[in-house]
Amino acid sequence: DAGVTQSPTHLIKTRGQQVTLRCSPKSGHDTVSWYQQALGQGPQFIFQYYEEEERQRGNFPDRFSGHQFPNYSSELNVNALLLGDSALYLCASSSYKLSSYNSPLHFGNGTRLTVT
Amino acid sequence: ILNVEQSPQSLHVQEGDSTNFTCSFPSSNFYALHWYRWETAKSPEALFVMTLNGDEKKKGRISATLNTKEGYSYLYIKGSQPEDSATYLCASRNYGGSQGNLIFGKGTKLSVKP
């Protein structure tokens, strides 16, 4: 049973560039959430995708966008990268249809993005 | 802005010691409280999801309590082992927040020395 997988594991980009991070949810899950963990902080909610639509969004600028594909996998895109975007980006999956009020999230290992 | 606070920030204990740490969260609009264990170079792993005031959950040597009226949760580890070394994250889910929309604390980093 494959868990949540993220790629790439590490990425180095230059200010102003654009980046795409990828996530495959745990088998049987249909919902993907993205989190940013900056150094010394807890993970911060970016947005959640279900049925190929963004359902909820945290306090992040429009430079952060996403997509969900019919196979439930997801991409996080960040445009016009800033130094402050350097962080660990975590993907978490869950099942909207099968979950209950006390279902946990299942996380991937994250993608470490460094912006220079 | 809703903040989840965890204390202490880090903790160093000897093997065999019992330890506990605290998560405080806004009690208004509370829906659920999550605890995750995060080992270095791995993914956060769910320990507990708690929703009811006074709830207590246990998983082996680890247990947690929840007080939704005053907005805090305790995580206890009995007889710490080196393999318990990890960062322990708590996260709150509020009414109106979707299943994937959690507000995380900064974590408590536990180091257990053999």
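The basis for the numbers below is simple: all heavy atoms, side chains too, and nothing from hydrogens, waters or symmetry mates. Protein chains get the first letters and strands the later ones, always in sequence-line order, with residue 1 at the start of each. Everything numeric here is computed off the predicted structure, so don't read it as measured data.
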Atom group of Leu102(B) that falls short of 4.5 Å from chain A, counting heavy atoms: both
Interface moiety of Ala91(B) toward chain A, non-hydrogen atoms closer than 4.5 Å: neither
side-chain hydrogen bond (donor to acceptor under 3.5 Å, both in side chains) against Thr31(A), all qualifying residues, sequence neighbours excluded: none
Do the side chains of [X] and [Y] join up, straight or via other hydrophobic residues, at under 4.5 Å, putting them in one cluster?
{"X": "Tyr76(B)", "Y": "Leu110(B)", "value": "no"}
{"X": "Val4(A)", "Y": "Leu21(A)", "value": "no"}
{"X": "Ile77(B)", "Y": "Leu11(B)", "value": "yes"}
{"X": "Leu47(B)", "Y": "Leu89(B)", "value": "no"}
{"X": "Val4(B)", "Y": "Tyr72(B)", "value": "no"}

Taking everything shown except [X] itself, do over 12 heavy atoms lie less than 6.0 Å from its [atom1]?
{"X": "Glu39(B)", "atom1": "CD", "answer": "yes"}
{"X": "Leu82(A)", "atom1": "CG", "answer": "yes"}
{"X": "Lys109(B)", "atom1": "NZ", "answer": "no"}

Within-4.5 Å side-chain heavy-atom neighbours: Leu90(A) and Trp38(B): yes
Any side-chain heavy-atom pair of Tyr36(B) and Pro104(A) under 4.5 Å: yes
Heavy-atom contacts under 4.5 Å, residues 35-72 of chain A to chain B: Tyr35(A), Gln37(A), Gly40(A), Gln41(A), Gly42(A), Pro43(A), Phe45(A), Gln48(A), Gln56(A)
Interface residues of residues 105-116 of chain A facing chain B - heavy atom cut-off under 4.5 Å: Leu105(A), Phe107(A), Gly108(A), Asn109(A)
Ser33(A) versus Gly100(B), closest heavy-atom pair with distance: OG-CA, 3.3 Å
Could you pull out every donor-acceptor pair under 3.5 Å between side chains of residues 13-24 of chain B and any protein atom, sequence neighbours left out?
residue	atom	partner	partner atom	Å
Asp17(B)	OD2	Gln14(B)	N	3.1
Ser18(B)	OG	Gly79(B)	N	3.1

